[in-house]
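Working notes for the structure below.
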Number of protein chains: 2
Amino acid sequence: MPASTSATADPHRHDAKPRRRAGRPAAAVLDQDGITAAALQLIGKSGYEGFTMAALARTLNVAPSALYNHVSSKRDVLVLVQDHLTSFVDVSAFDAEPWDRAVRSWAWSYRDVFSKHTPLIPVIAVLPVTDAPKTLAMYEAVSAGFRRAGFPQERIISAIVALESFIFGSAYDVTAPSDIFDSGSMAESTPNFTAAVARLADQGYENQADVAFELGLGALVTGFGALRG
Amino acid sequence: MPASTSATADPHRHDAKPRRRAGRPAAAVLDQDGITAAALQLIGKSGYEGFTMAALARTLNVAPSALYNHVSSKRDVLVLVQDHLTSFVDVSAFDAEPWDRAVRSWAWSYRDVFSKHTPLIPVIAVLPVTDAPKTLAMYEAVSAGFRRAGFPQERIISAIVALESFIFGSAYDVTAPSDIFDSGSMAESTPNFTAAVARLADQGYENQADVAFELGLGALVTGFGALRG
DNA sequence: CCACTAAATGAATGCCGTTCATTTAGACTA
DNA sequence: TAGTCTAAATGAACGGCATTCATTTAGTGG
C-alpha cells in the first residue's frame with residue numbers, strides 16, 4: 001500500500017506502530033522527504049509551469065509511475081512542498097517581542113515565503129491542518145503568542161484566519177505586473193481612479209505591493225490589538 | 001485576425017475604428033459575449049473541473065477550434081468570465097450610504113461573488129485593468145467613494161488593494177471544509193491552538209468564515225477611516 | 001460573377017496525470 | 001541454502017487536455 005498524505009485516514013490501520021510483517025527490499029530510492037526536496041528544487045529552477053510529475057521523476061532518475069508508490073497524486077506533492085515551505089515562516093518573534101511587533105514580523109515573513117509560491121495558495125487555503133504538521137506547528141506558535149498577549153480565546157482563530165486571508169491575497173500582489181493599474185485608453189471615463197493611480201505613482205519609489213501590505217497590516221494589528229484583555 | 005483580450009495590444013493597429021476592408025460572412029455563430037455567457041453557464045453546471053474548451057464548444061454546437069477565432073486562449077475566456085462577474089459586485093452603496101457602510105457592503109458583495117469562483121482569483125489578482133473594463137468601472141466607483149469621503153488621493157489605491165487582498169483571501173475560506181482546523185491526533189502537542197479552536201466551536205452556529213471576515217473587515221474599515229481628512 | 005475574407009472545420013500534435021500488469025531484489029523463515 | 005513474501009521500480013498504455021493548421025464554407029462588396 002503506498003504512502004499517502006490524503007485527508008482520510010486508513011480505516012484498516014489498527015494501531016499507530018507500523019508493523020513489519022515480512023522482509024523488506026533494500027534501500028528504497030525514493031521517500032517523501034526526497035520527493036519534497038526534489039520538488040522544491042525543480043520548482044525553483046523551472047517554476048510551476050515546468051513542475052510536472054515526469055520532470056520530477058527525471059530529476060530523481062526514476063520512472064514517473066514510481067512516484068505513485070510514495071505519493072497518491074500531484075496534489076499530494078504540492079501539499080508536501082507547502083508544508084515544508086511553512087517551516088521557513090519565522091514565528092520566533094512571538095517569543096522575543098511584544099505582540100504587535102511579533103504579528104508584523106510573522107506576517108511579513110509569511111507573505112514573503114508564499115509570494116514566491118502563489119500556485120500553492122489555493123491548496124494551502126483549504127487544506128485541513130491534519131495533513132500539514134509543520135503548518136500546524138506554526139499555528140500553535142502563533143496561537144500561543146496571541147494567548148500570552150491576553151487575547152480572548154474565542155477570538156484567536158478568527159483573528160488568525162483574517163490575517164492569513166490578508167496575507168494570501170497580498171502574496172498575489174507581489175507578483176502582479178507594475179503597470180497593472182494603467183487604465184490606458186479608458187482613462188477619461190475613470191477620472192477618480194486614474195487620478196488616484198497617478199498620485200500614488202508620484203509618491204516614492206517604494207514597492208506598491210509593500211505599501212498596501214503595510215497599510216492593511218497596520219490596520220489589522222491596531223484593530224485586533226484592541227481586543228486584548 | 002481573431003479577436004483577443006490579450007494584455008499586449010496589437011502594434012499593427014493604426015486606429016481605434018475597426019476598418020472593414022471587404023465583405024463579411026453572414027451571421028457569425030460565435031462572439032465574445034456568447035462565449036462568456038456559455039462559459040458562465042457551463043461553470044455553473046459543471047464547475048471548474050468540467051470547464052474545458054471542448055465542453056464549452058459542445059454547448060455552443062461548434063468545434064473546439066472555432067473558439068480560437070474569437071479568443072486566444074482558455075485564459076482569455078476566464079478573463080472574460082471574471083470581468084462579467086465583476087459587474088455583479090454591488091457598488092451602489094457608495095452613492096447612498098456613508099463611507100464605512102458603503103465599504104462594508106461592497107466588500108461583502110465582492111467576497112460573495114468570488115467565493116463561488118475561487119479558481120478565477122489567481123487570474124484576477126494579477127490582471128491589468130486594461131483587459132477588464134467592467135472591473136475598471138468598479139474601481140472607478142470605489143475610488144470616487146473614497147475621494148468623496150475625504151481620503152487623501154495618494155492613499156486611495158493602496159487602501160483598495162489592501163481591502164481587495166483581504167477579500168480574495170477570505171473568498172477561499174468560504175469554500176474550506178468545516179473541519180479544516182481539527183488537529184486530530186496531534187492535539188496534545190498543540191494545546192494552545194486546539195483550545196482556541198474548541199472555544200471558537202463553543203460559540204454560536206455562525207459560519208466560521210463569516211466571523212473572521214467580519215472581524216477583519218471591521219478592523220480595516222476602522223483603521224482606514226482614520227486616514228480621512 | 002468574381003474576389004475577398006471572417007469564420008468553422010476536423011485532423012493532428014504534444015503534453016499531461018495516472019493506472020496497471022509485470023519485474024526486480026532484498027529480507028525473513030524453515 | 002532454498003523458498004516465500006513484499007515494497008518498490010518499470011514501461012507501456014490510456015484518456016483527456018489546450019492548441020495549431022491546412023482546408024473548406026458561405027456571405028459581401030465591387
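Proteins get letters first, then strands, A, B, ... in listed order; numbering begins at 1 in each. Scope of the values below: all heavy atoms of this structure, side chains included, with no hydrogens, waters or symmetry mates. It should be emphasised that the depicted structure is a prediction, and the values quoted were computed from it without experimental measurement.
Side chain to side chain, B:E164 and B:Y139 meet the donor-acceptor criterion of an N or O pair below 3.5 Å. At a cut-off of 3.5 Å, with distance as the only test, no side-chain donor of A:Q32 or A:T36 sits close to an acceptor on the other residue. For the residue pair A:T175/A:T118, the side-chain donor-acceptor check at 3.5 Å is not satisfied. With no hydrogens or angles considered, no side-chain donor-acceptor pair links B:Q208 and B:S178 at under 3.5 Å.
Rounded to an integer number of Å, the gap from A:L60 CG to D:dA8 C1' is 14 Å. Summarising the geometry, the separation between CZ on B:R58 and C1' on C:dT9 is reported as 16 Å, rounded to the nearest angstrom. A straight line from CG of A:N69 to P of D:dA8 spans 7 Å, rounded to a whole angstrom. The distance from atom CG of B:L56 to atom C1' of D:dT19 is 14 Å, rounded to the nearest whole Å. The distance between atom OH of B:Y68 and atom C1' of C:dG10, rounded to the nearest whole Å, is 15 Å. The distance from atom CG of B:L67 to atom P of D:dC17 is 14 Å, rounded to the nearest whole Å.
If you check every strand for non-hydrogen atoms under 4.0 Å, B:S65 touches a base.
Below 30°, between 30° and 60°, or above 60°: for A:Y110 and A:W106 the angle between ring planes is between 30° and 60°, a tilted geometry.
The B:M53 side chain lies nearest to D:dA18 when the options are D:dT20, C:dA8, D:dA18.
Using a 4.0 Å cut-off, some side-chain N or O of B:H70 falls inside it from OP1 or OP2 of C:dA8.
With sequence neighbours left out, the side-chain contact (heavy atoms from CB on, under 4.5 Å) criterion links A:A159 to A:F146, A:F151, A:F224, B:L215.
Taking every heavy atom of residues 34-50 of chain B and every atom of DNA chain D, no pair lies under 4.0 Å.
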